[in-house]
Protein chains: 2
Amino acid sequence: MELQQLRYVVAVAETLNFTRAAERCRVVQSALSHQIAALERELGARLFERTSRRVRLTPAGEAFLPAARQCLEAADRARAEVAAAGGEIRGRLAVGAIPTVAAVDLPVLLRDYRRRHPRVRITLTSAGSQDLIERVRRGGVDVAFLGLPPRTEPKGVRSLRLGGGELVAVVAPDYHLAEREVELRSLADEPFIDFRAGTAGRAQSDEAFAVAGVRREVPFEVSSADFMVDLVRQGLGVGMLPAAYAPRFPDLRVIRLRGAPARVEHLVWDNRPSSATRAFLELVGAGHAGGVSPPE
Amino acid sequence: MELQQLRYVVAVAETLNFTRAAERCRVVQSALSHQIAALERELGARLFERTSRRVRLTPAGEAFLPAARQCLEAADRARAEVAAAGGEIRGRLAVGAIPTVAAVDLPVLLRDYRRRHPRVRITLTSAGSQDLIERVRRGGVDVAFLGLPPRTEPKGVRSLRLGGGELVAVVAPDYHLAEREVELRSLADEPFIDFRAGTAGRAQSDEAFAVAGVRREVPFEVSSADFMVDLVRQGLGVGMLPAAYAPRFPDLRVIRLRGAPARVEHLVWDNRPSSATRAFLELVGAGHAGGVSPPE
DNA sequence: TTCAACCATCATAAATTGCGATCGATCGCG
DNA sequence: CGCGATCGATCGCAATTTATGATGGTTGAA
């Protein structure tokens with residue numbers, strides 16, 4: 001088994017087409033066919049099922065692919081680590097974040113990071129917290145900013161608790177509430193627009209009301225902050241967002257809440273951070289944090 | 001960069017000798033030298049510092065090596081996954097355990113596992129809990145049984161809480177205590193032999209006495225259960241061990257303790273378990289457990 | 001039926017990898 | 001100080017591997 005063969009396999013798996021995979025690898029199709037056939041012979045199993053009109057992964061191919069990708073990633077990392085040892089950090093940095101990150105200014109952070117390490121290719125992905133944790137575990141994302149239900153810690157990854165901003169209520173400009181700051185409990189009778197039940201953002205709002213001893217109605221559940229804002233604009237009810245995030249919607253009115261808890265966010269990363277990832281953690285200030293348990 | 005080159009680099013790094021590395025790889029020394037030189041040329045950095053009497057890793061080599069090993073492991077895993085997809089699980093299973101595992105019968109477990117998956121090469125390593133967690137994180141160990149201080153969870157790995165046995169006191173046959181069962185507090189004046197401060201085993205004993213509201217003396221601190229037993233045999237004091245573990249020393253007297261908490265152990269594993277590891281987790285009953293946090 | 005897309009195969013050329021012999025440097029030892 | 005032993009680098013050559021370009025067979029659509 002050689003890395004070249006793995007590169008070919010991954011290319012075919014992604015294009016599902018030997019000819020285009022060969023183009024991408026800059027070899028003729030026959031060379032690629034030959035290499036894949038040789039690998040299949042060595043493994044004793046077909047990785048691709050070729051009917052002459054389509055190419056598909058066999059179960060064996062499905063099983064092979066994740067480890068093959070990890071192998072290629074490790075090879076890239078090895079190369080990047082050597083460059084890092086020579087002083088210059090290279091490689092990739094895949095950052096994930098929920099759409100409502102409030103604890104850090106992500107654009108500024110990425111700009112600073114890029115300034116310091118211009119040879120690192122940065123990607124930014126938006127997704128839900130649970131999805132992000134899974135991707136960090138799988139290695140598709142290197143670091144992620146996300147929210148979690150109160151008093152929980154993500155499992156299977158290293159993490160650092162970030163102080164987030166407070167939650168504030170947002171309403172349409174002509175909404176009937178006129179105050180700029182209210183007790184949380186005084187909102188009890190308003191209709192709320194919040195994240196769907198089960199999400200970390202929703203759990204944090206619920207927590208705030210539970211602590212205040214108030215039951216509230218949430219007739220509208222949404223899957224993203226943008227949807228929430230859309231509904232709030234229509235005057236359908238009150239939304240709750242991190243204070244640092246609300247100013248992005250200047251057409252909405254912000255109502256500060258007395259008794260709202262600070263929103264807690266977490267920075268999570270993989271167990272085996274690359275040098276590019278380590279540099280990012282250092283920049284964020286998580287260089288040597290991460291809550292190691294005491295020894296046996 | 002090719003896997004063959006990585007194999008050569010790892011061999012040289014482990015033997016610190018080109019000639020012996022070449023023997024291990026079953027090629028002549030010149031071939032290996034040539035490949036390594038080619039890789040160094042491609043990377044633009046020397047991986048080894050050769051003085052004509054010794055070979056050492058350069059900083060670049062140190063940086064390169066971990067990722068290179070992970071790359072080779074991933075390649076092995078890819079091969080093993082294909083075999084697993086064909087029905088038969090192969091590969092390696094590196095099990096780690098503290099010396100005093102009480103929650104499971106490890107020999108029986110390994111025997112059952114071997115019976116079911118005879119093509120998996122099993123290794124068993126003994127170490128401290130914190131060391132084991134680190135090795136699981138690094139990928140050197142696939143699954144580990146270990147202890148943790150009360151009410152903590154290991155970070156950076158998947159884990160399952162195992163119900164452990166109770167702790168019992170063990171004493172020399174002629175020790176002055178005659179009872180077969182006592183209140184924990186009645187041992188307060190005895191000299192204890194226990195694990196060194198900071199270990200999980202020690203923390204669990206301390207916890208038991210703290211709960212009983214008793215201060216005790218621990219004049220002897222040891223690093224393994226075997227040392228503890230050695231000192232107990234000499235009549236130097238009282239030891240505390242998991243009940244399931246004590247019968248291994250039939251020459252000692254066991255004193256059951258009223259008020260001793262159950263010892264808690266954890267099974268931990270990596271985020272990206274191989275098929276061999278998955279099969280082991282299933283056997284232990286952790287197939288789909290592991291405390292996933294709720295979604296965002 | 002014809003055509004176009006697509007992968008396998010084959011002969012051949014190019015590149016890589018390995019072999020064996022040898023060189024030069026270094027260290028220990030007498 | 002000189003000898004022998006150890007060890008990695010180097011070189012020419014052979015074996016193997018990998019890539020090329022042309023061709024053929026299969027399949028689905030027009």
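Chain identifiers are assigned alphabetically (A, B, ...) following the order of the sequence lines, protein sequences preceding nucleic acid strands; residue numbering begins at 1 within each chain.
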Using whole Å, report how far NE2 of A:His34 lies from P of C:dA11.
13 Å

Distance col, row B:Ser275:OG vs B:Arg90:CZ, nearest 0.5 angstrom, shows 11.0 Å

Rounding to an integer number of Å, can you tell me how far B:Glu49 CD sits from C:dA25 C1'?
16 Å

Under 4.0 Å from OP1 or OP2 of D:dG8: is there any side-chain N or O of B:Tyr8 that close?
no

Looking only at heavy atoms, the pair that brings A:Pro59 and B:Ala85 closest together is O-CB, 4.1 Å

So which one's nearest nucleotide on DNA chain C is more toward 5', B:Val27 or A:Ala37?
A:Ala37

5'-most contact on DNA chain D (nearest-nucleotide basis), B:Arg20 vs A:Val28, goes to B:Arg20

Whether the side chain of A:Ser30 and the base of D:dG21 hold a donor-acceptor pair under 3.5 Å is what I'd like checked.
yes

Over how many whole Å does the gap from B:Glu23 atom CD to C:dG18 atom P extend?
16 Å

For D:dC7, does either OP1 or OP2 sit under 4.0 Å from a side-chain N or O belonging to B:Thr19?
no

Which residue, A:Thr123, A:Asp76, A:Asp142, forms the side chain to side chain donor-acceptor pair (under 3.5 Å) with A:Arg92?
A:Asp142

Under 3.5 Å, is there a donor-acceptor pair linking the side chains of A:Ser30 and A:Ser33?
no

C:dA8 phosphate, OP1 or OP2, under 4.0 Å from A:Arg50 side-chain N/O
yes

Please determine if a side-chain N or O atom of B:Gln35 lies less than 4.0 Å away from the OP1 or OP2 oxygen of C:dT17.
yes

Could you tell me whether A:Arg116 and A:Asp112 make a salt bridge, using a distance below 4.0 angstrom between a side-chain N and a carboxylate O?
no

From CZ of B:Arg7 across to C1' of C:dT17 the rounded distance in Å is 13 Å

Describe, as an angle rounded to 10 degrees, how the axis at the first end of the helix from C:dT1-D:dA30 to C:dG30-D:dC1 is tilted relative to the axis at the last end, five pairs per end.
20°

Lys/Arg N to Asp/Glu carboxylate O, B:Arg56 vs B:Glu62, below 4.0 Å
no

Distance in angstrom units between B:Gln5 CD and C:dG18 C1', rounded
14 Å

Regarding D:dA9, can its base be found pairing with the side chain of B:Gln29 as donor and acceptor, where the two atoms are less than 3.5 Å apart?
yes

May I ask you to evaluate whether A:Asn17 reaches the phosphate of C:dC7, defined as a side-chain N or O under 4.0 Å from OP1 or OP2?
yes

Within the distance-only criterion (no hydrogens, no angle test), does the side chain of A:Arg135 pair as donor or acceptor with the backbone N or O of A:Val141 below 3.5 angstrom?
no

When rounded to whole Å, the CD1 to C1' distance for the pair B:Ile36 and C:dT17 reads 14 Å

